[in-house]
Structures are given as C-alpha cells and as structure tokens.
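The structure displayed is predicted, hence computed values, not measured ones. Proteins come first, then strands; the chains are lettered A, B, ... in the order of their sequence lines, and each starts at number 1.
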Amino acid sequence: MTTVRTRFAPSPTGYMHIGNLRTALYAYLIARTMNGKFILRIEDTDQERLVEGSVEVIYNTLKLVGLEHDEGPDIGGPFGPYVQSQRKSIYQEWAEKLIARDGGYYCFCSKEKLDSLRQEAGGNITAVKFQDPCRDLGPEEAKKRAASGEPLVVRQKIPRGGSTSFDDLVYGTVTVENSTLEDGILLKSDGLPTYNFANVVDDHLMQISHVIRGSEYLSSAPKYNLIYQALEWEIPAYIHLPLIMKAAGKKLSKREGDASFEDFYNQGYLKEAIVNYITLLGWNPKDDREMFSLDELKKVFSVAGLNNSPAIFDVEKLQWMNGEYIRKMTPEIFYEAALPWLQKAIHRADIDLRKLSGLLQQRTVVLSDIPARVDFIDVLPEYSKDMFVNKKAKTDLVNSLEYLKTCQAELEKLGSWDHETIKQALYAMVESLGVKANTFLTPLRIALSGREVTPGGATELAEILGKAETLQRIKNGITKLTQL
RNA sequence: GUUCCCAUCGACUAGCGGUCAGGUCACCACCCUUUCACGGUGGCAGCACGGGUUCGAAUCCCGUUGGGAACGCCA
C-alpha cells in the first residue's frame with residue numbers, strides 16, 4: 001500500500017479563512033491518523049491577487065494551532081519546489097504532453113473574440129454550445145502559429161460526448177455529462193497555469209494520495225479526472241468537504257468581518273477552542289464526546305465521521321466552548337492569558353491582578369470581555385443612586401445608606417486587609433443585624449463598583465481595591481445617598 | 001439560466017428498515033449563591049412536502065419545494 005499523503009494548498013491572498021483552516025486541519029488529521037505525510041503547497045499562480053505577507057500568515061497560523069507540515073516551501077522536501085510560481089516550466093512541459101495526447105490545445109482567440117462568439121451561440125453563457133474555433137486547428141498550423149510568437153493560451157480538450165464520474169469519500173459517486181463541461185484554460189497567456197491545471201499536475205507529481213478540499217470543487221472535479229486520464233495518471237482519492245456558512249444561509253465571508261482565524265484569535269478566543277469547534281463543524285466522533293485536543297484528534301479522527309451537508313458557524317457555541325477551555329486552565333495559565341487584557345483597563349499599580357484574574361476565570365467566556373468588566377477598578381464610574389434600589393436584594397435608598405455607614409465603621413477598624421478578615425467583619429454585621437447577606441452586601445458592592453454586575457462580590461472587591469480606596473468609595477456612596 | 005451537491009429540534013449533530021428519534025449550544029424554570037457567572041436538576045423544541053417500495057420508513061426510490069456551490073487568462 002502506498003503511503004498516505006495529503007496536502008493543504010492555500011493561495012496567499014490575505015487571511016486564513018476559518019473554512020480554510022478547517023480544511024487544513026482535516027488534511028492534517030487524515031495524514032496523521034493514517035501514518036502519512038502532510039504537505040504544504042502555496043498556490044500563487046494568480047499574480048494579481050498576491051498579498052504581501054500572506055504566506056507568513058499561513059505559516060504562523062499553522063504553527064500556532066499546531067498543524068506541522070512534513071514538506072513545504074519553508075522546510076523543503078523531495079517534491080519541491082512547493083510554490084507554484086516556481087514550477088512554471090513543469091506545467092508547460094506537462095501541458096505540451098497533454099496536447100500531444102489530445103487532451104488540450106492551443107487557443108489563439110482573444111477574450112473579446114470569444115465573448116462575441118458566445119453571444120452568437122445563443123446569448124446565454126452555457127458552455128454546451130460553445131465551440132472554440134482553435135479546438136480543431138491542425139497540429140502543424142497550431143504549432144506554427146505558436147512558434148511565431150502569437151499570444152496563446154492552452155485549453156483543455158473535453159471529449160464531446162459521454163460522461164465522467166468520480167468517487168468521493170464523503171459524497172459518493174458524482175457523474176456529469178461531458179457536454180456540460182467547458183474547455184477551460186489550463187495555461188494562461190502569462191505562461192502560468194490556472195488552478196484547474198496546476199492542482200492536477202502538482203497533486204500527481206507530489207504523489208498526493210487523498211485530495212482534500214472544499215465542496216466548491218465538486219462540480220469541477222470531473223474535469224480534473226479527464227486530465228488525469230488523458231495523462232494516464234492514477235486518480236487520487238477525493239474528499240470534498242461541506243462548506244461552512246454564516247447564519248441565514250450565507251457563506252462565511254471575510255467581508256462581513258470575523259471569518260478569519262486571526263480575527264477570532266485576536267478577539268480572545270483560544271486556539272484550542274477554535275480548533276475543537278471547527279473540527280465538529282462537519283465531523284463527529286460517532287459518540288457524544290465534544291471536547292477534543294489536537295493530540296486526541298490525531299488518534300480518533302476518521303473520514304467515516306465526515307458529514308456532507310453545509311454547516312452554519314455558530315458563534316454562541318464557540319463561546320461556550322471557549323469558556324469551557326478557560327475554566328479548564330490552571331489559574332496561572334489563565335492569569336498569563338488574561339494579563340494583557342487586564343492591562344488594557346487597569347493602570348493602577350496597587351491592584352493585585354493575580355487575585356483579580358482568579359475572580360475572572362469562572363466568568364470569562366472570551367478574553368476580550370475582560371477590560372469592560374474591570375474598568376471600574378481604575379476609576380469609579382459615574383452612577384445613579386437608583387442603583388442602590390434592588391428588589392431582589394431588598395435594598396432601597398434608606399437601608400443602603402444605613403448599611404454603607406455600618407460598613408464604613410466596621411471596615412475602618414480593620415487592622416489587616418485580607419479577604420478573610422474583611423469577610424468575617426462584614427458577616428458579623430450580617431449576623432447581628434439579622435438580615436440576608438445579599439441585602440447587606442449589595443449596597444457595598446454597588447458603592448465599590450458603580451456597577452450592577454461585577455466580577456466577584458463586595459468582600460472580594462474591597463480586598464482588591466485596598467482599604468483606602470474602599471473607604472473612599474463608600475464615602476462617595478454615602479454622599480450620593482445623602483443628597484436629595 | 002444550465003449543471004452538481006445538500007435537506008433530523010433555532011444552531012451543530014447521532015441515526016444507516018422496527019428507537020419513547022439520542023447528545024451538545026442557545027432558550028425557559030428551579031436549586032446553589034455576597035451581584036454576575038460557574039455548577040446541579042428539569043423542561044421547551046425536529047425527521048421540509050407529496051408520492052411510491054415494504055408487514056413496517058427519519059432511514060430505500062421518484063418528484064416538489066427550499067438552501068448551497070460551480071459555470072473566469074480566481075483559487
């Protein structure tokens with residue numbers, strides 16, 4: 001049995017789309033679970049679409065999420081070069097061979113000429129009736145015109161009759177009539193191949209055993225098979241993947257924001273959560289398990305679990321999963337992850353960010369939520385005294401003032417300022433006043449934060465803010481409640 | 001328009017002729033609780049429609065409808 005070789009072949013056009021990442025992930029997992037090789041190839045045959053720095057984005061993203069390739073432009077390998085723009089002569093050579101085997105032909109028609117021919121063919125764009133006049137040029141004449149330097153393009157010569165089918169590991173057998181296929185361009189006038197040709201040549205030459213790509217290629221796959229056949233090449237196994245869509249049946253698009261890996265990553269989603277989530281978009285382990293690390297996936301992933309219907313990317317579930325990963329972190333690791341976000345909102349030097357991070361861990365879903373949750377620590381926000389009125393806590397303007405004064409008096413007496421001391425002092429008051437802790441502590445929490453919702457309760461906030469600041473904010477609250 | 005693909009709760013999915021149609025997210029309720037979360041318990045909710053095949057269809061076939069994709073000197 002030949003060794004399994006899969007490839008991820010992105011074009012360097014900017015960002016790592018989430019669907020592309022998933023394709024890379026599956027290709028990687030299939031290689032790893034089958035003891036094969038995972039190859040990275042850069043498809044940059046469209047010189048106009050090149051975006052500077054995007055190859056680096058590809059390298060960085062793959063590395064960041066842990067998809068290590070065995071062969072690629074940066075690390076070489078026995079089938080290089082792995083950048084298509086550096087393989088120009090290879091495609092030209094095979095294009096000639098394809099022509100010799102009657103699988104392709106030179107076309108000298110200008111774009112304008114063909115457009116008008118299409119018009120004449122009935123006004124519609126159906127390829128069915130379109131006949132390229134160059135298709136039936138004699139070989140000698142074609143060669144002569146080519147040699148004379150006339151601008152040309154190489155087109156695929158699709159058989160006029162019959163049908164072509166191929167087997168896909170997730171979609172089954174797909175058949176199309178050859179009459180619906182067009183004689184597409186294989187080699188452009190700049191001498192570089194189109195994807196339609198390059199992918200076939202490279203996949204064959206690089207001995208790719210399983211071609212893994214999005215289902216948008218499903219309908220053109222028969223054309224590729226015709227090329228394989230014309231060249232008498234072995235046809236690889238095909239694994240087409242269902243598309244990932246945005247809600248309302250729209251394809252996930254970079255234009256609409258948040259569709260690239262780095263967008264999510266920069267928003268504070270963990271790479272492990274992103275990988276885990278997108279893996280489940282189109283694949284299932286055949287049991288109820290949902291949490292998988294990449295290492296675990298390397299063991300359990302299987303083509304049999306691949307799904308064939310499009311999936312909608314659900315940010316809410318990603319958020320849930322991200323929260324799961326955050327809660328599983330050790331406090332130390334979470335602190336390190338949260339630190340940059342904490343520092344966005346907190347500039348005071350006297351705040352124990354480690355303690356604050358401990359408060360935050362259980363309540364954080366996405367790291368980017370952090371700044372807005374803690375910015376009251378630096379500066380007490382302006383707030384209305386109506387906030388002291390809380391039905392559930394049974395607080396009103398009157399008892400709030402009273403409790404705040406009690407807190408002030410009790411806390412002032414405290415010698416040390418640690419959580420246990422503060423809590424004991426305050427709970428002693430709860431006890432002696434005979435009220436619910438919620439009722440007694442809510443006014444304090446409001447006074448300390450100016451917020452309805454806070455990370456941690458009153459005693460924890462008091463500890464973090466420090467004695468002086470705590471008393472200052474209580475005083476501020478008392479003043480607010482005293483004024484009419 | 002033509003061709004191809006898809007169709008189970010709002011979302012991701014399990015199911016591959018006989019199941020009370022299962023799980024997860026979201027949502028709702030209750031419990032826990034110094035707010036919010038976390039955690040716990042319970043609940044709501046689905047086989048797009050119409051024909052077949054069969055003793056029996058979510059499962060097989062056909063059609064309809066709906067959704068997606070491809071039809072570039074883009075990949």
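- Whole-Å rounding puts the A/Asn308 CG to B/U8 P distance at 10 Å.
- One can find a donor-acceptor pair under 3.5 Å joining the base of B/C73 and the side-chain atoms of A/Ser189.
- You'll find the ring centres of A/Tyr195 and A/Tyr217 inside the 6.0 Å limit.
- Nearest to the side chain of A/Asp288, among B/C73, B/G22, B/C12, sits B/G22.
- A/Thr442 comes within contact range of no nucleotide atom at all, as no heavy-atom separation falls under 4.0 Å.
- Nearer to the 5' terminus of RNA chain B, by closest-nucleotide assignment, is the contact made by A/Glu177 (compared with the other of A/Glu177 and A/Tyr217).
- Side-chain atoms of A/Lys436 and base atoms of B/U34 include no donor and acceptor less than 3.5 Å apart.
- Residue A/Asn390 is classed as having no contact, given no heavy-atom separation below 4.0 Å to the nucleic acid.
- Of the candidates B/U13, B/A69, B/A75, B/A69 carries the atom nearest the A/Leu243 side chain, counting heavy atoms from C-beta on.
- Contact annotation: side chain of A/Arg445 to base of B/U35, donor-acceptor pair present below 3.5 Å.
- Going from atom CD1 of A/Ile446 over to atom P of B/U34 covers 15 Å, rounded to whole Å.
- For the C1' atoms, the distance from B/U59 to B/A7 is 13 Å, rounded to whole Å.
- Distance CG (A/Asp190) to C1' (B/C74): 13 Å, rounded to an integer number of Å.
- Looking at heavy-atom distances under 4.0 Å, A/Arg327 makes contact with sugar-phosphate atoms alone, never a base.
- Within the 4.0 Å cut-off from OP1 or OP2 of B/A75, at least one side-chain nitrogen or oxygen of A/Lys188 is found.
- Looking only at atom types and distance, the side chain of A/Asn196 has a donor-acceptor partner in the side chain of A/Tyr224 under 3.5 Å away.
- Of the residues listed (A/Ile42, A/Asp46, A/Val57), the one engaging A/Pro12 in a side chain to side chain contact (heavy atoms under 4.5 Å, CB included) is A/Ile42, and it is the only one.
- Across all strands, A/Gly282 comes closer than 4.0 Å only to sugar-phosphate atoms, never to a base (heavy-atom distances).
- A cation-pi arrangement is present between A/Arg145 and A/Phe108, with the terminal nitrogen or guanidinium carbon under 6.0 Å from the aromatic centre and inside a 45° cone about the axis.
- The side chain of A/Thr180 lies closest to B/U3, out of B/C25, B/U3, B/C74.
- With salt bridges taken as basic N to acidic carboxylate O contacts below 4.0 Å, one links A/Glu290 and A/Lys317.
- Both distances falling under 3.5 Å, in either a Watson-Crick or a G-U wobble arrangement, occur for no nucleotide opposite B/C36.
- Between A/Asp418 and A/Lys355 no salt bridge is recorded (no basic side-chain N to carboxylate O distance below 4.0 Å).
- The nearest whole Å value for the distance from the CG atom in A/Asp287 to the P atom in B/G15 is 11 Å.
- Taking every side-chain heavy atom of A/Asp314 into account, B/A11 is the closest of B/C38, B/C4, B/A11.
- The nucleotide B/A7 finds its pairing partner in B/U65, both defining distances of the Watson-Crick or G-U wobble pair being shorter than 3.5 Å.
- For B/C47 and B/A58, the C1' atoms lie 5 Å apart once the distance is rounded to whole Å.
- Taking only distance into account, the side chain of A/Thr454 meets the base of B/U35 through a donor-acceptor pair shorter than 3.5 Å.
- The residue A/Glu324 sits close only to the backbone: its heavy atoms come under 4.0 Å of sugar-phosphate atoms, none of a base.
- Among the atoms of the strands shown, only primed sugar atoms or phosphate atoms (P, OP1, OP2) are found under 4.0 Å from some heavy atom of A/Leu280.
- At a threshold of 4.0 angstrom between heavy atoms, the contacts of A/Thr175 are confined to the sugar-phosphate backbone, with no base atom among them.
- Nearest nucleotide to the side chain of A/Glu316, out of B/C25, B/A14, B/C6: B/C25.
- Among the heavy atoms of the strands lying under 4.0 Å from A/Thr45 are primed sugar atoms or P, OP1, OP2 only; no base atom is included.
- Nucleotide B/C47: unpaired (no Watson-Crick or G-U wobble partner with both distances less than 3.5 Å).
- Separating the CZ atom of A/Phe334 from the C1' atom of B/C38 is a distance of 13 Å, rounded to the nearest angstrom.
- The separation of B/G23 from B/C44, taken at their P atoms, amounts to 12 Å, rounded to a whole angstrom.
- Using a 4.0 Å heavy-atom distance criterion, A/Ser309 is classed as a sugar-phosphate-only contact.
- Whole-Å rounding puts the A/Met321 CE to B/A11 C1' distance at 13 Å.
- Only the P atoms considered, B/A37 is 10 Å distant from B/C28, to the nearest whole Å.
- Base contact: A/Val153 has a heavy atom under 4.0 Å from a base atom.
- Between A/Arg41 and A/Asp203 a salt bridge is recorded (basic side-chain N to carboxylate O distance below 4.0 Å).
- Atom CG of A/Leu281 is separated from atom P of B/U13 by 6 Å (rounded to the nearest Å).
- A/Glu216 has its CD atom 20 Å from the P atom of B/G67, to the nearest Å.
- At a threshold of 4.0 angstrom between heavy atoms, the contacts of A/Ala458 include nucleobase atoms, whether or not backbone atoms are also involved.
- B/A29 sits 23 Å from B/C20 when the C1' atoms are compared, rounded to a whole Å.
- One P atom belongs to B/G40, the other to B/A26, and the distance between them is 12 Å to the nearest Å.
- At a threshold of 4.0 angstrom between heavy atoms, the contacts of A/Lys286 are confined to the sugar-phosphate backbone, with no base atom among them.
- In this structure, A/Ser220 reaches neither bases nor backbone, as no heavy-atom distance under 4.0 Å exists between it and the strands shown.
- The partner of B/G18 is B/C55, judged by Watson-Crick or G-U wobble contacts that both fall below 3.5 Å.
- Within the 4.0 angstrom heavy-atom criterion, base atoms lie near A/Tyr427.
- Here the separation of B/G42 from B/U24, taken at their P atoms, is 11 Å to the nearest Å.
- For A/Arg289 against B/U24, no side-chain N or O and base N or O form a donor-acceptor pair under 3.5 Å.
- B/G43 and B/G22: their P atoms are spaced 11 Å apart (whole Å).
- Summary of the strand contacts: A/Gly305 and A/Ser215 both lie near RNA chain B, and taking for each the nucleotide with the nearest heavy atom, the more 5' one is attributed to A/Gly305.
- The aromatic rings of A/Tyr269 and A/Phe264 lie perpendicular to each other, with more than 60° between the two planes, well past the 30° mark.
- For A/Asn284, counting side-chain heavy atoms from C-beta on, the closest listed nucleotide (B/U13, B/U24, B/U34) is B/U13.
- For B/A75, there is no paired nucleotide, since no Watson-Crick or G-U wobble pair has both relevant distances below 3.5 Å.
- Relative to the side chain of A/His419, the nucleotides B/U34, B/C12, B/C36 differ in distance, and B/U34 lies closest.
- Inter-residue side-chain proximity for A/Trp283 and A/Leu280 is flagged as met; some heavy-atom pair is nearer than 4.5 Å.
- Residue A/Arg363 has its side chain nearest to B/C36 when only B/C5, B/C36, B/U34 are considered.
- The side chain of A/Met245 lies closest to B/G68 when the candidates are B/U34, B/C71, B/G68.
- Ion pairing between A/Lys480 and A/Glu382 holds under the 4.0 Å rule for side-chain N and carboxylate O.
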